[in-house]
Every structure is written in structure tokens, then in C-alpha cells.
S.K.: 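Here's a structure for you.
Not measured: the values here are computed from a predicted model. The residues of the chain are indexed from 1 along the displayed sequence.
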Amino acid sequence: MKINKISALILSLFLVFVACETEESIDITTPDASFKLLEPAISNINLNYNLPDNEAFTIVWNDQLNSGESYMVELSPDVLFENPTVIGSSSTDRFTMTVAEFNNTLLDAGADAFEPFTVFMRVTSGSNITNSVSFSVSSYSEAIPVITSPDNTFELVLLETSPNDDAIAVSWEDPDFGENTTVSVNYEIQFAQAGTDFTSAITEGTEGMTYTSTHEAFNETALSAGLTAEEVGSLDIRIKATIEMPGGNMERFSEPITISVTPFNVELAPVLYVVGAGAVDAGWDWATPVELPLQGTTYSGNINLTNDAFRFFTVAADWDSGLNYPYYEAVGYTIDANLVNALDGDSNFQFTGTPGEYFIEVDTAAKTITLGPAVVGPNCNYDQLWLVGAGVPDAGWAWDTPVALPCTGNGTYSGNVTFTNDSFRFFNVNGDWDSGSNYPTYEDQGYTIDSNFSNAMDGDLNFSFDGTPGTYFLTVDDINKTITLEPEQLLCEYEQLWLVGAGIVGTGWDWANPVALTCTGVGIYSGEVEFTNDAFRFFTVNADWDSGSNYPTYEDQGYTIDSNFSNAMDGDFNFSFDGTPGTYTLTVDTVNLTITLN
């Protein structure tokens, strides 16, 4: 036990001696004072244009050198700070920038909008400089698109005769976007009547940073924007640039330019007048011009032509409203081979065919001018209109028994129709649902529609009959653009005439399948009939042999009878068809006392 205590004492003295010796050899130092920029908590920044006043970043530094009372913050796109930019100052140990301030700084430093851009920052105070820190930042565009062409001096006269030629080209730049940008920017061009602040702008899409439009297309744009045809008007143009973003779309607008535009008139005149020596009944004066009324989009009528020149006019007695051969040629019309350029001083039309009466049609939709056989009787775009719908109880919503509204005059369809309080629609083709015309169809074309009708506001926007149920005389006038109702009228002495006989194909001498000629106008019976070379007779009552009228009946009343018919000289002196067998339109006019084939 004693030995152990002595050993412990010696060991303790040794440790004390060694410890004292070690303490004398330790050299304790303090780190050098530094001026250091602390690493930021984030290194990627996406600037949100919707929050311009929010904090974009904050940098903090530690200055142990007591460098001074003012610190300058520098930014550089390169780590060597070869050309740094001072972006701000601070009297404390930190510096903050808002989103808007930092975005502007980045664009000034060469950043492309919405593209990652690396920047380096450091702080200086006098000759002392901190280390640098870096950020990858995506900025947003602040600049607006700039229209580079045309400018406010641009004047444009739109030409109907050059519909497919380029009329205007607009180009622009978007300064904040580099050539290699991956950002999708949707550009649109807007047009508005000058001074309206684009409140009802016409907006059209574009590809890239250019826009072109033809005379025909831009004329429609100018008129839709509010300019007046044939008058000089001022049109404002600007560019709308849209970037779709999760936080909400970003829209930018260029400063507008104002150009001068004169549109041409696209409204069709109600009548097309023909004047000239080639139009026999007209001649070169305005005493008796040939009038071709407009029905829908087609001008048509009978005209006597001889081998001479003539011209079309849109305004009566106005020589300046003339439309010659090159005009129609320039706007793309296909013109009948019997009509050529007269090559006179005014480049009029020249008729080169066999002189006589023709039916001329100027179809402004199909862009055709055609000549055909003269039309006897009423002239409409269709032989009849068809009414189908629950509002017309004799028809209903099926094609079993549609109600026909026949052509009864030039551009006029009329007849007695029974209505009830429900919807219906007009159709151009029997059995064809796609040929329908609803209430807005007529309304948009400027028709004045009887107050007994309204928009049904159903899925197809049909007509609705709102009046007192009953039978009315309905008239659809395509020339004066009216749809009217009047009291029921008795147009003819009979609802129809009946044809029976071997000369009527499919009928024969019995009452199983008589052919009906319906009353299509005041005292006029008309319809299609297939004839063969044999005899037949007219009857006023179905299945009543005693109601027949033979050839001498009409001859004795002073009728002018078509040369294709003659007295059969059989026991009953029936009619005989002597022409080329086929289907014809037969018209019996009890007012003008004519029986004609067409």
C-alpha cells in the first residue's frame, strides 16, 4: 500500500512538470479581420411580373475591417467583374432590391426576357472588396413591341379589282427577346377606327412578327372596324403580345400607328342596270334601261341582245357607276362565251351570239355571268320554298307533307299557309335539312319580318309563329327583303288544274295518277310536266270528266297557245303535244291568256 502511494505521488509531480513545460510552448492566434459577403440562401430566382414591389433578393455581408460608412453593391455578368455595374448602395450590412428594380437591372445588363441569366455580385467599400456570390435569374419583359413598318404616313386605297393582291404588310420587333429565345409569345394584330381606343377592336392572329393581308380580306377588316366604303378613313393598328404563365397571362401592347384607308363597297345594289346598243330595249341612254333585280346574291332577268356593246351599272342614270368587262374579269368572274370584251374605248361587254331574247344571270356568290333561254313567267332563285315544322300543322317536322311556297313573281314567293303557335323553318330543297334558312338568316340579311313571327330561340333559332292561329297569305320578297302576312287570298278560281291523257307520261286516260298544276300566282297555274307525243286535256275538278277543257275551249277564249301544242282533232278535240318528248314547265296564265312551255 505504501509503495503505491509513493508511485502515485511521483507520477503526479511528473505530469505537473510536463504540463507546465507544454503551456510555455503554445502560440495562441486570432483570425485576420475580414470583409466578407455571406453566401445567399438561394441561388435561383424567378422574377414574377405580377409582384413588382416584392423583395427579389437580399444579400448580407460581415465587415470586420470597419471599411467605412457606405457600401457599394456591384453586379457583373462575368465572375472577373471586368465591367461591373453599381446597382445600389447601403449604409448597413445588407442590401435589398424589389422585383421591378432587379428586373430592370438585369435587362440593362444584357439578359433576355424569360431566359436564365447568371449574374455575380460583390460589395465594395473604399479599396476593400468582398468575395462574390452568384444567382441564376429569369427576368421578364418590360419593353413593348414596336411596329417598324408601316408608319403613320401610310395611305391605302383598297381595290375590288385586285382582290388577291397583297394590300398591306405590317412588321414589328420585340426588343427584350433574343433570337434564340425559347419563350412562346403569341402575337396578334388589332385594328380599330381611329380614336375609339380599341374598344371594339378587330383582332387577327399572326405567324411570327409579320402580318400581310389582301385587298379583299383587308377591305372586310376595315369595314368591320367601322370605316365607310368609298370614303377615306383613319385606322389605328397595334400589336398585342401574350405570354401564357401559371400566375396569369402577361399581355403587352405596342404603341398604335394610324394609317389612311379607303375601303371599297361590298354591299350589293338592289338592281343592276343594263344600258347599251347591245341591249336592244335599252340603247345608250337612261330612258329605258334593262333592270336586273337582286334576289339573294344573284341579279337576273330576260334581256333582248343583239351583236353590239353594253355595260352594267349599279346606279340608275349614273354613268360613273358602270362595271365593264375588265372589272368582272379582274374580280374573278367566269363569263359566258357569248360575251367578250368589246375593246372599245370603255372596254364594254360585246354580245357575239345569235341575236334574240335570253335569260341573263349575274351570280355574285359563284362569280358567274351566264346566258340561257328566256324565262316565261315568274323568276326566282328557286321554283319554290318549302316550310317544315310544328308551326305549320300541314307539314310538321318531317318531309312527308312539306308546304310549298311557290315563286309567284320576280324574286317573290307567296301562297296561303296555315299556322299555329309553334316553330318552323324555310328550306330551299325538298327533303334536304341542310338547305334550311332560320330566323337569323333573314334577319342578318336585312329583311323586315312580320311582327307575327319571332326568333324561336330554340336550338336551331327557327321561326316562331306568335299570332292568332289560322290561314294567312304569306309572301317572302327577296328583292325588297320582306316577309309579310296578309289575310288568306284566293289567287285562282281553282286550287289547281288537272292534266289527264296519254300525252302525259305516267298518267294515261284515267284518274289514278293525274298531274296537278298548282296556283302559283294571280290567275297562274304552273308546274313540271313530262310530255310524250299524244293527246291530253285540262280539268278543273279531280276525277270529274265533265270539268274538262279542250283545245278549242282555250282557243275560243283568245289564248295564245305554245306552238308545241295543237288540236288533236280527235273525237274530243283534246290537246296534242307535238314537240320533243321530255319534262317541261307548263304555265297557264288565265290573266294574260297564255299557255306556255319552258
Side-chain angles (χ1 to χ4, degrees), residues 34-65 67-68 70-146 173-187 208-209 241-252:
S34 64
F35 183 27
K36 183 177 181 181
L37 187 59
L38 304 180
E39 291 292 332
I42 58 172
S43 58
N44 294 302
I45 301 174
N46 286 309
L47 299 177
N48 188 339
Y49 75 95
N50 283 317
L51 303 170
D53 297 325
N54 277 19
E55 181 182 299
F57 71 88
T58 297
I59 55 173
V60 180
W61 56 90
N62 185 7
D63 183 7
Q64 297 175 346
L65 298 179
S67 303
S70 179
Y71 300 95
M72 307 302 290
V73 181
E74 294 182 343
L75 177 143
S76 173
D78 65 274
V79 70
L80 298 178
F81 284 82
E82 293 181 353
N83 293 293
T85 301
V86 175
I87 63 173
S89 62
S90 175
S91 59
T92 66
D93 60 354
R94 63 188 56 231
F95 177 77
T96 298
M97 258 191 158
T98 66
V99 169
E101 291 170 337
F102 193 36
N103 190 73
N104 186 60
T105 297
L106 292 170
L107 296 175
D108 288 343
D112 288 330
F114 298 101
E115 296 293 325
F117 185 66
T118 301
V119 294
F120 299 87
M121 291 187 197
R122 69 184 183 185
V123 180
T124 66
S125 182
S127 60
N128 296 324
I129 303 174
T130 68
N131 57 307
S132 66
V133 294
S134 66
F135 297 95
S136 177
V137 190
S138 290
S139 61
Y140 58 84
S141 176
E142 289 186 342
I144 59 176
V146 177
E173 296 176 348
D174 207 347
D176 283 349
F177 293 90
E179 294 181 359
N180 300 318
T181 182
T182 59
V183 179
S184 178
V185 184
N186 179 37
Y187 294 105
M209 297 190 202
T242 304
I243 301 172
E244 295 183 358
M245 301 179 69
N249 292 348
M250 180 180 184
E251 295 181 348
R252 295 170 298 123

S.K.: List the atom of Ala241, the atom of Pro145, and the distance in Å for their closest heavy-atom pair.
M.R.: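 Taking Ala241 first and Pro145 second, the nearest heavy atoms are CB-CG, 3.9 Å.
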S.K.: Can you see which heavy atom on Pro52 is nearest to which on Tyr140, and at what distance?
M.R.: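 Taking every non-hydrogen atom into account, CB-OH, 4.4 Å.
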S.K.: So Asn48 and Asn54, do their side chains get closer than 4.5 Å, heavy atoms only?
M.R.: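 Heavy-atom side-chain distance check fails, nothing below 4.5 Å.
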S.K.: Which residues satisfy the ring-ring contact (aromatic ring centres under 6.0 Å, His included) test with Tyr71, sequence neighbours excluded?
M.R.: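 Counting only residues at least two positions away or on another chain, Tyr71 forms a ring-ring contact (aromatic ring centres under 6.0 Å, His included) with Phe35, Trp61.
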S.K.: Do Thr124 and Phe81 have side chains that get closer than 4.5 Å, going by heavy atoms?
M.R.: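 A side-chain contact is absent here, since even the closest heavy-atom pair is not under 4.5 Å.
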S.K.: Between Asp63 and Asp93, is any pair of side-chain heavy atoms under 4.5 Å apart?
M.R.: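 Contact flag for Asp63/Asp93 side chains = no.
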S.K.: Name all residues meeting the side-chain hydrogen bond (donor to acceptor under 3.5 Å, both in side chains) criterion together with Ser34; count only those two or more places apart in sequence or in a different chain, and write none if there are none.
M.R.: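 Here the qualifying residues are Gln64.
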S.K.: Mind checking salt bridge (charged side-chain N to carboxylate O under 4.0 Å, His left out) for Glu251 and listing every partner two or more places apart, or none if nothing turns up?
M.R.: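 Glu251 satisfies salt bridge (charged side-chain N to carboxylate O under 4.0 Å, His left out) with Lys240 once adjacent residues are dropped.
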S.K.: So how far is it from Thr98 OG1 to Asn104 CG, rounded to the nearest 0.5 Å?
M.R.: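 Atom-to-atom, Thr98:OG1 and Asn104:CG are 9.5 Å apart.
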S.K.: Could you name each residue pair satisfying side chain to side chain donor-acceptor pair (under 3.5 Å) that touches residues 130-139, not counting sequence neighbours?
M.R.: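 Those involving residues 130-139 are Asn46-Ser138.
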S.K.: Report the residues that fulfil ring-ring contact (aromatic ring centres under 6.0 Å, His included) with Phe117, sequence neighbours left out, ordered by chain and then residue number.
M.R.: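 Result, ring-ring contact (aromatic ring centres under 6.0 Å, His included) vs Phe117: none returned.
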S.K.: With sequence neighbours excluded, tell me which residues meet side chain to side chain contact (heavy atoms under 4.5 Å, CB included) with Ile144.
M.R.: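 With neighbours one apart ignored, the set is Glu255.
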S.K.: On a heavy-atom basis, which atom in Ala109 and which in Leu75 lie closest, and how many Å separate them?
M.R.: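 Looking at all heavy atoms of both residues, the shortest contact is CB-CD2, 4.1 Å.
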S.K.: Residues two or more places apart in sequence or in another chain: which of them pass side-chain hydrogen bond (donor to acceptor under 3.5 Å, both in side chains) with Ser76?
M.R.: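 With sequence neighbours excluded, Ser76 shows a side-chain hydrogen bond (donor to acceptor under 3.5 Å, both in side chains) to Asp78, given in chain and number order.
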S.K.: Go through the structure and list residues passing side chain to side chain contact (heavy atoms under 4.5 Å, CB included) with Met97, not counting sequence neighbours.
M.R.: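 Side chain to side chain contact (heavy atoms under 4.5 Å, CB included) check on Met97 returns Phe57, Ile87, Phe95, Glu101, Phe102, Thr105.
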S.K.: With sequence neighbours left out, write down each residue that passes side chain to side chain contact (heavy atoms under 4.5 Å, CB included) with Ser127, or none if nothing qualifies.
M.R.: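 In terms of side chain to side chain contact (heavy atoms under 4.5 Å, CB included), with neighbours along the sequence ignored, Ser127 is linked to no residue.
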S.K.: Would you please name every residue forming a side chain to side chain contact (heavy atoms under 4.5 Å, CB included) with Thr58, sequence neighbours left out?
M.R.: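 Scan of Thr58 (side chain to side chain contact (heavy atoms under 4.5 Å, CB included), adjacent residues dropped) gives Glu55, Val60, Arg94, Thr96.
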S.K.: Can you sort out the partners of Arg252 under side-chain hydrogen bond (donor to acceptor under 3.5 Å, both in side chains), two or more places apart, ordered by chain and number?
M.R.: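 Arg252 satisfies side-chain hydrogen bond (donor to acceptor under 3.5 Å, both in side chains) with Ser141, Asp174 only.
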S.K.: Working to the nearest 0.5 Å, report the span between CG of Asp112 and CG of Leu106.
M.R.: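 The CG atom of Leu106 is 11.5 Å from CG of Asp112, to the nearest 0.5 Å.
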S.K.: A side-chain contact here means heavy atoms from C-beta on lying under 4.5 Å apart; do Val123 and Ile59 qualify?
M.R.: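 When only atoms from C-beta onward are counted, Ile59 and Val123 do touch, with a gap below 4.5 Å.
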S.K.: Which residue pairs satisfy the salt bridge (Lys or Arg N to Asp or Glu O under 4.0 Å) criterion with at least one member in residues 116-142, sequence neighbours excluded?
M.R.: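 Sorted pair list: Glu74-Arg122.
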S.K.: Using 0.5 Å steps for rounding, measure from the CG atom of Asn50 to the CG atom of Asn249.
M.R.: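 The distance works out to 10.0 Å.
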S.K.: Which heavy atom of Val146 sits nearest a heavy atom of Pro175, and at what distance?
M.R.: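 Looking at all heavy atoms of both residues, the closest pair is CG2-CG, 4.5 Å.
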